[in-house]
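What follows is a single structure, written as structure tokens, with notes after it.
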Amino acid sequence: MAEAADFPGMSPSPARRWLRRTGALLAGAPLLAGLLQLPALPAHADAAAGVKEASDTGSVSVAVDSLSPAVPTDGDTVTVSGTVTNKGKQAVTEAHVGLRVGSALTTRSAIDDAAGDAEDLSAGYSSEVGGKYVAKFAKLTPGVAEHFSISVPVDELDLGDDGVYPLGVSLSGETSTQQWEQVLGIQRTFLPWQPDGADTATKTTVLWPLVSTVHMTAETGSNASQTPVFLNDDLAEEIAPGGRLDQLLSLGKDLDVTWVIDPDLLASVDAMTGSYRVRADGDKTTAGTHQAVAKKWLADLQDAVADKEVVALPFADPDLASLAHNGTGVTGSLSQFKAATDVAATTVETILHVTPSTDFAWPVDGAVDPSIVKVATSAGADKVIARSDSLAETGNLSYTPSAARPIGGGTTAVVADARLSKTFQGDLTNASASTLAVQEFLAQSLALNLQTHKQRSIVVAPQRTPTAGQAQAMAAAVTALQDSGWSQSQDLTTAARAKPDGDATTKVPSRSSYPSSLRKQELPKSAFEQIAATQDTLDSFKVILTDKSRVVTPFGRAMNREMSTSWRGRSTSASTFRQGVQSYLDTLTDQVKLIDKSETKLSGRSATIPVTVQNNLVQGVHHLVLRLTSTNDTRLEIGGHDSDPRIEVSGGHSTTVKFTASAHVNGQTTVIAQLYTEDGQVYGAPVTFDVKVTEITATVMLVIGGGVLLLVLAGFRMYTQRKRAAAREAQETAAEDADGTEDADDAAHAEESAAADADGARGTSADAEDRTGEESAARSGADAQEQPSDGTADTAAESTAPSGTGERVDR
């Protein structure tokens, strides 16, 4: 075994250092005189005594791709495999890979230090196990990676008591300029060792998050099923075989973990199981084609969580810190958060057929302050998932306390262990990084257990959206942990109910202590103001709808998504999404509107003005009031507001309303038509148009009246003339019929009558001549006063012939 001084954080005792220095002086004394008489030797001649420790950071990269078993026990054989790559310009000869085991690390901070010096040659290293447990290479060519694998019985590692042992995998060899064996590269990891199991196992809760980014828009189709529209097809890639969410599901189903699920993710995948659209260029959409993938993923998830604890986050995972720091001053923000919480349980129950816990709130990275705690519990949650680097220990505890901490007001902070929770961050796509993360996680877990014999409840809360590589490393670590002898699985609800340590910190850090790096990523106040404006528009719109659910549900969930934690670090995308929701809502509200009118002319003191309301929605609207207002009541007066008509219009139809208007003065007047909701709120844009009034005078009215009278008289005259003509025709027809049947007596009688008529006619003619003479004399007297140029008389002389039947005789 190597000395403790060969490892980070440890140094040899003063006595041992004095003995080493004294021995070196005594050994060198006989040589000193000879050296004074010999010529100078090459700088590398001091390698004659054996291996020289290199002073640089290493010219060869060592990658540990696997270590199996991750937690060895008695009788096991440890196999370490990986690759070595010569990064230098010179070939390495006489090279070999060996294993080096150091003394047990007794603290968690010592593990941190060793992990930070994983590839640093200057940090020191222990002696090599050596022997046949090495992998040899005759030559390492620059830039070429070579695979190695070393298997060694655990008994050969000379491990002692339970603990975490540093394991170094080193490459030793020679170069043309340094022709002696030296360590040219090293990779350090950890070997947890507890062969007999622990007297007291740590109860460990691991959160397994199923959270994604925002995928669905507020837009839905006009059909009965309201076909949803997605921002993109990224979700299909995540749930497809090999995708991130598919990996989390397939890995997590075999683990004893607590599932932490965003209901929005479930709702989005569920929407994909039917007909859906995906936004393409501009306003175009294309049909979604991943229904089968969505159905399979949901079915597999239902099986995976059937007998596991499920914690439902508020819908769309709202950013609690952003809300606490920037949103509480905006009216309605907390109501949005409450709505997101209320819909969470229903969504999970409907889709997964399990009853989730909604008692937990999870701020970003577990960072808390009083305002975050207040917001987190405002919607009913009484437990906040924090992290130990936020709610840090300020006492002198020699061990990591249990997760549950009472922080006042009936609220419990469930403090996740920061070291364990942050282990799987970063790029874990390559096998070496993943292996190192798994071994560090196990090392920290064992070191935590060895701190005390007191049983504790520990929570591991990894990042919200682990990558596929991170998920694989997490699963490997949790699997090894559950097979270890020092850890016992526990669900989150049980951990939150565990008896807290009396000396553990319960004071929530101040608002000024909130990390500035996280604060920079928060949603601004303007985001919450825009959400409030959208809600106001929705409130005005929904009251006129006959089927509110078609609009309230999709837009309500869209506003929840606008507050999502997933927008952190994506401020431009977040703003674009919010604008898109508002724009689409404005488009819908504009479907119910007044039709524009051109100038209207009124020719009279009273008239009617028609105004048309159009509804281009697929559903009917009601509870609207149409009001017409004159800007100059002294010129043009519209009927009072008490007569404002109530408007109801079926989907895809329009209706026209006629208003009574009274004109008092000639001229042009501006009139405004405006829709209102029944509670008096303005709805939509007004329509403004001009009405031109022309007053009608008394003279004009008389002329028009006289013309109408003449028309009536002319019609009457035509009627009487036609009636007289018809009577004459009837008399003549009767006379002709009588002539054919009269006898001789009748003929004689007719002759006598004719003679009598002749005598009478002569008498009448004489009378007429007498009157004519008198009139002629009178006219002659008048004519004597006329000038030759006066012309003829205006009226012709009356006829002296008998009047026809039915005609009027002038007398």
Side-chain angles (χ1 to χ4, degrees), residues 218-227 534-555 582-633 635-663 668-694:
E219 186 176 352
T220 59
S222 59
N223 52 350
S225 60
Q226 289 189 267
T227 301
T534 301
Q535 183 64 58
D536 289 342
T537 305
L538 180 62
D539 290 341
S540 298
F541 185 43
K542 68 182 182 182
V543 298
I544 73 168
L545 302 175
T546 56
D547 185 2
K548 298 177 178 60
S549 62
R550 287 183 64 91
V551 172
V552 172
T553 299
F555 278 99
Q582 180 66 56
S583 177
Y584 181 58
L585 181 56
D586 290 341
T587 299
L588 291 182
T589 59
D590 288 344
Q591 300 304 303
V592 181
K593 61 182 179 179
L594 298 170
I595 300 299
D596 290 337
K597 289 179 64 64
S598 57
E599 183 181 78
T600 300
K601 295 183 179 180
L602 298 183
S603 298
R605 293 188 179 277
S606 63
T608 58
I609 301 176
V611 179
T612 301
V613 182
Q614 187 178 57
N615 175 20
N616 289 325
L617 297 173
V618 297
Q619 63 171 300
V621 296
H622 57 180
H623 300 312
L624 276 173
V625 174
L626 177 57
R627 186 171 300 166
L628 198 63
T629 306
S630 171
T631 59
N632 190 339
D633 287 338
R635 178 172 291 174
L636 180 68
E637 183 179 357
I638 309 295
H641 292 172
D642 292 340
S643 61
D644 292 341
R646 267 49 178 175
I647 304 299
E648 293 186 8
V649 190
S650 301
H653 290 75
S654 61
T655 185
T656 299
V657 180
K658 295 182 179 181
F659 289 86
T660 301
S662 299
Q668 184 170 291
T669 303
T670 299
V671 175
I672 301 173
Q674 176 67 65
L675 285 171
Y676 293 85
T677 58
E678 288 186 343
D679 59 357
Q681 300 298 315
V682 173
Y683 183 87
V687 167
T688 302
F689 58 96
D690 293 329
V691 175
K692 195 170 184 179
V693 179
T694 303

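Bear in mind that the values here come from a model prediction, so they are computed numbers and not experimental data. Heads up: numbering here begins at 1 and tracks the sequence.
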Any F689 side-chain heavy atom under 4.5 Å of I609 side chain: yes
Summary of ring-ring contact (aromatic ring centres under 6.0 Å, His included) pairs that have at least one residue in residues 582-609, sequence neighbours excluded: F555-Y584
Considering all heavy atoms, the nearest L617-L588 contact: CD2-O, 3.6 Å
Considering all heavy atoms, the nearest G620-T546 contact: O-OG1, 3.0 Å
Exam field: side chain T655 to backbone V649, donor-acceptor pair closer than 3.5 Å: no
Residues in side-chain hydrogen bond (donor to acceptor under 3.5 Å, both in side chains) contact with S225, at least two apart in sequence or another chain: N223
Check: V552 and L545 side chains under 4.5 Å, non-hydrogen atoms: no
Which residues share a side-chain contact (heavy atoms from CB on, under 4.5 Å) with V543, sequence neighbours left out: T677
Results of side-chain contact (heavy atoms from CB on, under 4.5 Å) for H623 - residues two or more places apart only: E678
Nearest heavy atoms of V657 and P645, plus distance in Å: CG1-CG, 3.4 Å
Rounded distance (nearest 0.5 Å) linking atom CG of L594 with atom CG of L628: 9.5 Å
Any side-chain heavy-atom pair of I595 and T656 under 4.5 Å: no
H622 atom NE2, neighbour heavy-atom count above 12 within 6.0 Å: yes
side-chain hydrogen bond (donor to acceptor under 3.5 Å, both in side chains) involving N616 - partner list, sequence neighbours excluded: Q614
Point-to-point distance, once rounded to the nearest 0.5 Å, from CG of L624 to CG of L675: 5.5 Å
V611 vs V687 side-chain heavy atoms within contact, under 4.5 Å: no
With sequence neighbours excluded, residues passing side-chain contact (heavy atoms from CB on, under 4.5 Å) with D547: S549, R550, Q619
Contacts of type salt bridge (Lys or Arg N to Asp or Glu O under 4.0 Å), residue K548, not counting sequence neighbours: none
Validation row: Y676, V682 side chains within 4.5 angstrom (heavy atoms): yes
Y683: partners by ring pair (Phe, Tyr, Trp, His ring centres under 6.0 Å), with sequence neighbours left out: none
Working for side chain to side chain contact (heavy atoms under 4.5 Å, CB included), residues R646 and V625: CA-CA 5 Å; R646 267 49 178 175; V625 174; 3.9 Å; yes
For R635 against Q668, the heavy-atom pair lying closest together: NH1-O, 2.8 Å
Nearest heavy atoms of I638 and A661, plus distance in Å: CD1-CB, 3.9 Å
Contacts of type side-chain hydrogen bond (donor to acceptor under 3.5 Å, both in side chains), residue Q535, not counting sequence neighbours: Q336, D539
Spatial distance of atom CG (L626) from atom CG (D644) [nearest 0.5 Å]: 7.5 Å
Crowding at NZ, K597 (>12 non-hydrogen neighbours, <6.0 Å): yes
Salt bridge (Lys or Arg N to Asp or Glu O under 4.0 Å) against D586, all qualifying residues, sequence neighbours excluded: none
N/O donor-acceptor pair under 3.5 Å between Q674 side chain and G684 backbone: yes
Nearest-0.5 Å distance, OG1 of residue T227 to CD of residue E219: 10.5 Å
Any side-chain heavy-atom pair of L538 and V551 under 4.5 Å: yes
Side-chain donor or acceptor of N615 paired with backbone N/O of S650 under 3.5 Å: yes
Sequence-distant partners of S222, side-chain contact (heavy atoms from CB on, under 4.5 Å), two or more places apart: V618
Which atom of L636 lies closest to which atom of S630, heavy atoms considered: O-OG, 2.8 Å
No-hydrogen, no-angle side-chain donor-acceptor test under 3.5 Å, S662 and E637: no
Sequence-distant partners of T670, side-chain hydrogen bond (donor to acceptor under 3.5 Å, both in side chains), two or more places apart: D690
